[in-house]
Student: 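Please read through the structure below; I'll follow up with questions.
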Amino acid sequence: MRKRKPLNRCLDGVQPATARKAAPVSQEKATQELKVNGDVAASNETAVPEEGRNYWLLKAEPDSRFENGVDVKFSIDDLAAKKEPEPWDGIRAYAARNNLRAMKKGELAFFYHSNCKEPGIVGTMEIVREHSPDLSAHDPKAPYYDPKSKPDDPKWSVVHVKFRSKFAASIGLKELREMGGPGKPLENMQMLKQSRLSVSRVNPAEWEYLIGVAEERASAT
DNA sequence: GCCAACGTTGGC
DNA sequence: GCCAACGTTGGC
């Protein structure tokens, strides 16, 4: 996957920002590192009960763009082609990272294409492994290398995701904004309010509404 | 490629 | 802990 880039410093924990997912390079490593939460075998089960579940929106760039000499392109089709859980790496903004850390196994997320011709929600994925350190931050060759993150005190996190669905027709940013007008269903959607945030929360009503829109379109075809 | 919005940095 | 300068995101 891919994301965006580094910037920051060292107060741990609190704030905000963005980033997207980054390139393929780091994957192997990140996958190895799964030990933190350990149980791979159970990853197909949905661990989170219906209520209390959160939904998410993760951005990645479907077009080629080079960061530290590495192509960070990562589209929904790239995710769909993966056979193993994919680490969502390269997030280098606290607000986005904090959202990653809040994700529970079994929760669902929208896949959003950004920085491209037709930005919008293009499908869904599932969180199959909760957060673990983003080792790509320690690799000088990685697109989002962050020298300030130390292996013995990692600053950044990944979650592992797997592909669930690709929409027959994507839901464009323009439409999302229309649905986000005053009194509309997406009025409070985090991604519309914090447009630079690459990992954002989606509340259950927003999720249901958007899934409904996607289904309606699929059947209208 | 431009640039508005907004997050981050760092002085005070 | 405020806030101005700076840097990045990401749509267009």
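Sequence lines set the chain letters: A, B, ... in the order given, protein chains first and strands last, and positions in each chain run from 1. If you're wondering where the values come from, they're calculated on a predicted model, not measured in any experiment.
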Student: Which residues pass the salt bridge (charged side-chain N to carboxylate O under 4.0 Å, His left out) test with A:R177, sequence neighbours left out?
Tutor: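 Per chain and number, A:R177 pairs via salt bridge (charged side-chain N to carboxylate O under 4.0 Å, His left out) with no residue.
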Student: I'd like a list of close polar pairs between nucleotides 1-5 of chain B and the protein, N/O only, cut-off under 3.5 Å.
Tutor:
none

Student: Side chain of A:K59: nearest nucleotide among C:dG11, B:dT8, C:dG10?
Tutor: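 The listed nucleotide nearest to A:K59's side chain is C:dG10.
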Student: Would you say A:E107's side chain and A:I127's backbone share a donor-acceptor pair under 3.5 angstrom?
Tutor: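 It does not hold such a pair.
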Student: What is the separation between atom CD1 on A:I91 and atom C1' on B:dG7, rounded to the nearest whole Å?
Tutor: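 So the two atoms are 15 Å apart, to the nearest Å.
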Student: Could you list the residues that satisfy ring-ring contact (aromatic ring centres under 6.0 Å, His included) with A:F110, not counting sequence neighbours?
Tutor: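 With neighbours one apart ignored, the set is A:W207.
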Student: Can you tell me how far P of C:dT8 sits from CZ of A:R65, to the nearest Å?
Tutor: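 It works out to 11 Å between those atoms.
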Student: Specify the separation, in whole Å, of atom CD of A:Q194 and atom P of C:dT9.
Tutor: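 The answer, rounded to whole Å, is 15 Å.
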Student: Is A:Y94 near enough to B:dT9 that one of its side-chain N or O atoms lies under 4.0 angstrom from OP1 or OP2?
Tutor: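 A:Y94 to B:dT9 OP1/OP2: no side-chain N or O under 4.0 Å.
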Student: Return the value, rounded to whole Å, for the distance between atom CE of A:M191 and atom P of C:dG10.
Tutor: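 About 9 Å, once rounded to whole Å.
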Student: Given atom CZ of A:R97 and atom C1' of B:dT8, what is their separation to the nearest angstrom?
Tutor: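 Atom CZ in A:R97 sits about 15 Å away from atom C1' in B:dT8.
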Student: Measuring from A:H113:NE2 to A:L173:CG, what's the distance to the nearest 0.5 Å?
Tutor: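 A:H113 atom NE2 to A:L173 atom CG measures 14.0 Å (nearest 0.5 Å).
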Student: Among residues at least two apart in sequence or on other chains, which ones pass side-chain contact (heavy atoms from CB on, under 4.5 Å) with A:Q190?
Tutor: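 Result, side-chain contact (heavy atoms from CB on, under 4.5 Å) vs A:Q190: A:N99, A:Q194, A:L197, A:S200, A:R201.
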Student: What is the distance, to the nearest angstrom, from the CD atom on A:E118 to the C1' atom on C:dG10?
Tutor: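 Whole-Å distance recorded here is 16 Å.
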Student: So do the side chains of A:D134 and A:I91 get within less than 4.5 Å of each other, counting heavy atoms only?
Tutor: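 Of all side-chain heavy-atom pairs linking A:I91 with A:D134, none is under 4.5 Å.
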Student: Out of curiosity, A:S170 OG to A:Y112 OH, how far, rounded to the nearest 0.5 Å?
Tutor: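 It comes to 10.0 Å.
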Student: Using heavy atoms and a sub-4.0 Å distance, could you list which residues of residues 168-180 of chain A are near DNA chain C? By number, please.
Tutor: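 Correct list: A:L173, A:R177.
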Student: What do you reckon, are the aromatic ring centroids of A:W56 and A:F111 less than 6.0 Å apart?
Tutor: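 A:W56 vs A:F111: aromatic centres not under 6.0 Å.
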Student: Output the rounded distance in Å from CG (A:D63) to P (C:dC12).
Tutor: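 Atom CG in A:D63 sits about 15 Å away from atom P in C:dC12.
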Student: Rounded to whole Å, please give me the gap between NZ in A:K148 and C1' in B:dT8.
Tutor: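 Result: 10 Å.
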Student: Donor-acceptor pairs are to be reported for all side-chain atoms of residues 116-125 of chain A against protein atoms at under 3.5 Å, with residues two or more places apart or in another chain.
Tutor:
residue	atom	partner	partner atom	Å
A:T124	OG1	A:S165	N	3.4
A:T124	OG1	A:S165	OG	2.6

